[in-house]
Participant: 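I have a structure I would like to understand better, so I am pasting it below and will then ask my questions one at a time.
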Amino acid sequence: MSNTGTQSSAEKVNLLGLPRHKMEQFFVDIGEKKFRAGQVMKWIHHYGVDDFEAMTNVSKTLRARLAEIAEIRGPEVLLDETSSDGTRKWVMRMAEGNSIETVLIPDGERGTLCVSSQVGCSLDCSFCSTGKRGFNRNLSAAEIIGQVWAALRTFMPFDRTKERPITNVVMMGMGEPLLNFDNVVDAMDLMMDDWAYGISKRRVTVSTSGVIPALEKLGEVSDVSLAISLHAPNDELRNELVPLNRKYPIERLLSATKQYLSGLGDRRRATIEYTLIEGVNDQPEHASQLADLLVDVPCKVNLIPFNPFPESDYRRPSGNAVKRFQDIMNQAGYITTVRTTRGDDIDAACGQLVGQFEDRTRRSERYIPVHQEVG
């Protein structure tokens, strides 16, 4: 506390990232009634307010008190870019000057926001540009939900009573969500809370490459939808594509997936994400192996043709190869869709998000593009 009786921004509580139970506790701790949590949450998340003075149903005394001890601080939007196909990408600056990327994919009446959970990624999957750039840190709950909040503010007026441009949220941006467990869970709770964004649990999806202990824990605290980044039908190949598989192999991953789904109680299915790479995992035998592998897993399959980036020698498969793979899966009885490449002209396609950040892992030094001169 300074001599003037106010706190610095670093000491203030950022209310943007507090889910309902934490917001209620915050008000109890300062001697207020729990119902204040609902009032303030609605101002923040329903109307995009970041100034306590705008909260007209909150007393002037409490507004002044909140201004001293709390803040509503979202990320700074550095870039707001729209692709020729309508895909929209935001580059948002986080604390310490790092930036992450968030993408909105419109599809008819649906708008799916792809949200980042980390600055960079520690997993180093061979087909993902984010992983080649290394890892810096986890995002806070405020920084995660702040992407939803900031994106919606660009569609002002921000009014939850009207039709919204964001109907679905997927934790599929930069980072592995389950390696930032607590902050991701808090942010997803806000996404689904009627005092915040009120998105259905079926329309909030967490995507994981297979952090088994965290996936098992997730089933105890959440019932969001689940996507599994599989990308290979056997351990030998997946070890190359997704190094995490060496610690948590496919059998354990699918077992944990089935356990999670069994706890939901509403017959939901996981989405199996499978990036198709020419000559690597796109052959008919791979499709047949995948069909056999998933036989007792309640799931649908989403095929993702590889999106090239400079640090990779992988190639996108031909349209015929993709169609052949899809046909084999469909004939085996799986609902199998092909993800249309969206936003690649603004580097917003799946696997292309990079942001700007200091790489604490120094991994990016190993992946200097061959065409880039080294000084």
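Below, all heavy atoms of this structure are taken into account, side chains as well, without hydrogens, waters or symmetry copies.
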Participant: Taking only residues two or more places apart in sequence, or in another chain, which ones meet Thr337 in a side-chain contact (heavy atoms from CB on, under 4.5 Å)?
Facilitator: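 For Thr337 the side-chain contact (heavy atoms from CB on, under 4.5 Å) partners, ignoring immediate neighbours, are Asn302.
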Participant: Identify, with sequence neighbours excluded, every residue that meets side-chain contact (heavy atoms from CB on, under 4.5 Å) alongside Asp182.
Facilitator: Lys217
Participant: Look at the side chain of Ser255 and the backbone N and O of Glu251, then say whether any donor-acceptor pair between them is shorter than 3.5 Å.
Facilitator: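 Answer holds: no.
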Participant: Taking all non-hydrogen atoms of both residues, which atom of Leu241 and which atom of Ala232 are closest, and how far apart?
Facilitator: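 Scanning both residues completely, I find the closest heavy atoms to be CD1-CB, 4.2 Å.
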Participant: Mind checking what makes salt bridge (charged side-chain N to carboxylate O under 4.0 Å, His left out) contact with Asp189, not counting sequence neighbours?
Facilitator: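 In terms of salt bridge (charged side-chain N to carboxylate O under 4.0 Å, His left out), with neighbours along the sequence ignored, Asp189 is linked to no residue.
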Participant: Mind checking whether Leu104 and Thr102 have side chains closer than 4.5 Å, heavy atoms only?
Facilitator: no
Participant: Can you find a pair of side-chain heavy atoms, one from Ile105 and one from Asp85, that are under 4.5 Å apart?
Facilitator: no
Participant: Tell me whether Ser225 contacts the main-chain N or O of Thr205 through its side chain, where contact means a donor paired with an acceptor under 3.5 Å.
Facilitator: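 Pair absent, no side-chain N/O of Ser225 close to backbone of Thr205.
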Participant: Out of curiosity, His286 NE2 to Asn234 CG, how far, rounded to the nearest 0.5 Å?
Facilitator: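 Going from the NE2 atom of His286 to the CG atom of Asn234 covers 6.5 Å.
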Participant: Applying ring pair (Phe, Tyr, Trp, His ring centres under 6.0 Å), which residue pairs with at least one partner in residues 253-274 are found, sequence neighbours left out?
Facilitator: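 Every pair satisfying ring pair (Phe, Tyr, Trp, His ring centres under 6.0 Å) with a residue in residues 253-274: Tyr274-Phe325.
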Participant: Looking at Gln118 and Gly175, what are the two nearest heavy atoms and their distance?
Facilitator: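 Smallest heavy-atom distance, with atoms named: OE1-CA, 3.3 Å.
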Participant: In this structure, would Val221 and Met23 fall into the same cluster of hydrophobic residues linked by side-chain contacts under 4.5 Å?
Facilitator: yes
Participant: Checking Asp80 now: which residues fulfil side-chain contact (heavy atoms from CB on, under 4.5 Å) with it, not counting sequence neighbours?
Facilitator: Val77, Arg88, Trp90, Thr154
Participant: Starting at CD of Gln283, measure out to CD of Glu278 and round the result to the nearest 0.5 Å.
Facilitator: 9.0 Å
Participant: Among residues at least two apart in sequence or on other chains, which ones pass side-chain contact (heavy atoms from CB on, under 4.5 Å) with Ser207?
Facilitator: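 With sequence neighbours excluded, Ser207 shows a side-chain contact (heavy atoms from CB on, under 4.5 Å) to Met172, Ala227, Ser229, Glu273, given in chain and number order.
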Participant: Which atom names give the shortest non-hydrogen contact between Asn183 and Ser140, and what distance separates them?
Facilitator: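 Closest approach of Asn183 to Ser140: ND2-CA, 3.8 Å.
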Participant: For the pair Thr167 (side chain) and Gly111 (backbone), establish whether a donor and an acceptor sit closer than 3.5 Å, ignoring hydrogens and angles.
Facilitator: yes
Participant: Any donor-acceptor pair under 3.5 Å linking the side chain of Glu71 with the backbone of Ala67?
Facilitator: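 Side chain of Glu71 to backbone of Ala67, a donor-acceptor pair under 3.5 Å: no, none is there.
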Participant: Salt-bridge test for Arg137 and Glu96: reply yes if a basic N is under 4.0 Å from a carboxylate O, no otherwise.
Facilitator: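 Looking at Arg137 and Glu96, the cut-off is met.
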Participant: Any ring pair (Phe, Tyr, Trp, His ring centres under 6.0 Å) involving residues 214-255? Give me the pairs, sequence neighbours left out, ordered by first then second residue.
Facilitator: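 Residue pairs passing ring pair (Phe, Tyr, Trp, His ring centres under 6.0 Å), neighbours aside: Phe127-His231.
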Participant: Would you say Phe155 and Trp149 are hydrophobically clustered, going by side-chain heavy atoms of ILVMFWY under 4.5 Å?
Facilitator: yes
Participant: Test of understanding: clusters of I, L, V, M, F, W, Y form through side-chain heavy atoms closer than 4.5 Å, transitively. Do Ile328 and Leu230 belong to the same one?
Facilitator: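 Result: no, two separate clusters.
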Participant: Name all residues meeting the ring pair (Phe, Tyr, Trp, His ring centres under 6.0 Å) criterion together with Tyr314; count only those two or more places apart in sequence or in a different chain, and write none if there are none.
Facilitator: Phe306
Participant: Donor-acceptor check, side chain of Asn281 to backbone of Thr275, threshold 3.5 angstrom: yes or no?
Facilitator: yes
Participant: Pair Glu176, Ser117 - check side-chain hydrogen bond (donor to acceptor under 3.5 Å, both in side chains), show working.
Facilitator: CA-CA 7 Å; Glu176 164 54 56; Ser117 57; over 6 Å; no
Participant: Are the side chains of Leu254 and Leu294 in contact, using a 4.5 Å heavy-atom criterion?
Facilitator: yes
Participant: Find the distance between CE (Met41) and NE2 (His46) and round it off to the nearest 0.5 Å.
Facilitator: 8.0 Å
Participant: Among Asp29, Asp186, Asp193, which one satisfies salt bridge (Lys or Arg N to Asp or Glu O under 4.0 Å) with Lys22?
Facilitator: Asp186
Participant: Mark yes or no for whether Ser222, through its side chain, and Leu218, through its backbone, hold a donor-acceptor pair below 3.5 Å.
Facilitator: no
Participant: Are any non-hydrogen side-chain atoms of Val242 and Leu123 less than 4.5 angstrom apart?
Facilitator: no
Participant: Hey, is CD on Glu285 packed in by over 12 heavy atoms from elsewhere, all under 6.0 Å?
Facilitator: yes
Participant: Is Phe27 reachable from Phe35 through a run of I, L, V, M, F, W or Y residues, each pair having side-chain heavy atoms under 4.5 Å apart?
Facilitator: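 Phe35 and Phe27: separate clusters.
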Participant: Looking at every heavy atom in both Pro298 and Leu261, which two are closest together, and how far apart are they?
Facilitator: O-CD1, 3.4 Å
Participant: State, to 0.1 Å, how close Pro75 and Met94 come at their nearest heavy-atom pair, and which atoms those are.
Facilitator: CB-CE, 3.7 Å
Participant: Would Glu143 and Asn98 satisfy side chain to side chain contact (heavy atoms under 4.5 Å, CB included), going step by step from the backbone distance to the final call?
Facilitator: CA-CA 11 Å; Glu143 290 170 327; Asn98 296 307; over 6 Å; no
Participant: For the side chain of Asn136 and the backbone of Val119, is there at least one donor-acceptor N/O pair under 3.5 Å apart?
Facilitator: no
Participant: Could you tell me whether Lys258 atom NZ has more than 12 heavy atoms of other residues or ligands within 6.0 Å of it?
Facilitator: yes
Participant: Per the ring pair (Phe, Tyr, Trp, His ring centres under 6.0 Å) rule, what does the pair list look like for residues 59-80, sequence neighbours excluded?
Facilitator: none
Participant: Give the table of side-chain donor-acceptor pairs shorter than 3.5 Å for residues 53-61, with sequence neighbours excluded, one pair per line with atom names and distance.
Facilitator:
| unit_1 | atom_1 | unit_2 | atom_2 | d |
| --- | --- | --- | --- | --- |
| Asn57 | OD1 | Trp43 | NE1 | 2.6 |
| Ser59 | OG | Leu62 | N | 3.2 |

Participant: Which atom pair, heavy atoms only, marks the closest approach of Ala141 to Ala187?
Facilitator: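 Between these two residues, the closest heavy atoms are O-CB, 4.2 Å.
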Participant: Distance from Asn307 atom CG to Ser312 atom OG, nearest 0.5 Å?
Facilitator: 11.0 Å
Participant: Give every residue pair that meets the side chain to side chain donor-acceptor pair (under 3.5 Å) criterion with at least one member in residues 319-331, sequence neighbours excluded.
Facilitator: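 For residues 319-331, and leaving out neighbouring residues, the side chain to side chain donor-acceptor pair (under 3.5 Å) pairs sorted by first residue read Lys323-Asp327.
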Participant: Examine distances only and state if a side-chain atom of Arg268 and a backbone atom of Asp223 form a donor-acceptor pair shorter than 3.5 Å.
Facilitator: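 Yes, because the side chain of Arg268 sits within donor-acceptor range (under 3.5 Å) of the backbone of Asp223.
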Participant: Are the side chains of Pro177 and Thr208 in contact, using a 4.5 Å heavy-atom criterion?
Facilitator: no
Participant: Could you work out, with salt bridge (charged side-chain N to carboxylate O under 4.0 Å, His left out) as the rule, every residue matching Glu240, not counting sequence neighbours?
Facilitator: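 Scan of Glu240 (salt bridge (charged side-chain N to carboxylate O under 4.0 Å, His left out), adjacent residues dropped) gives none.
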Participant: Could you measure the distance from the CG atom of Asn138 to the CG atom of Asn180? Nearest 0.5 Å is fine.
Facilitator: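 That separation rounds to 3.5 Å.
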Participant: So for atom CD1, which belongs to Ile335, do other residues, nucleotides or ligands contribute more than 12 heavy atoms lying within a distance under 6.0 Å?
Facilitator: no
Participant: Applying side chain to side chain contact (heavy atoms under 4.5 Å, CB included) to Val224 and Met171, what does each step give before you reach the verdict?
Facilitator: CA-CA 11 Å; Val224 296; Met171 299 299 305; over 6 Å; no
Participant: Tell me, do Val184 and Leu178 make a side-chain contact under 4.5 Å, heavy atoms counted?
Facilitator: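 In short, these two side chains do not touch, never coming nearer than 4.5 Å.
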Participant: Are Pro308 and Arg316 packed together at the side-chain level, in the sense that at least one heavy-atom pair is separated by less than 4.5 angstrom?
Facilitator: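 Of all side-chain heavy-atom pairs linking Arg316 with Pro308, at least one is under 4.5 Å.
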Participant: Mind checking the CZ-CG spacing from Arg246 to Asn239? Nearest 0.5 Å is all I need.
Facilitator: 5.5 Å
Participant: Is Val295 reachable from Ile250 through a run of hydrophobic residues whose side-chain heavy atoms are each under 4.5 Å from the next?
Facilitator: yes
Participant: Are the side chains of Leu215 and Leu226 in touch, meaning some heavy atoms are under 4.5 Å apart?
Facilitator: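 Yes; the side chains approach each other to less than 4.5 Å.
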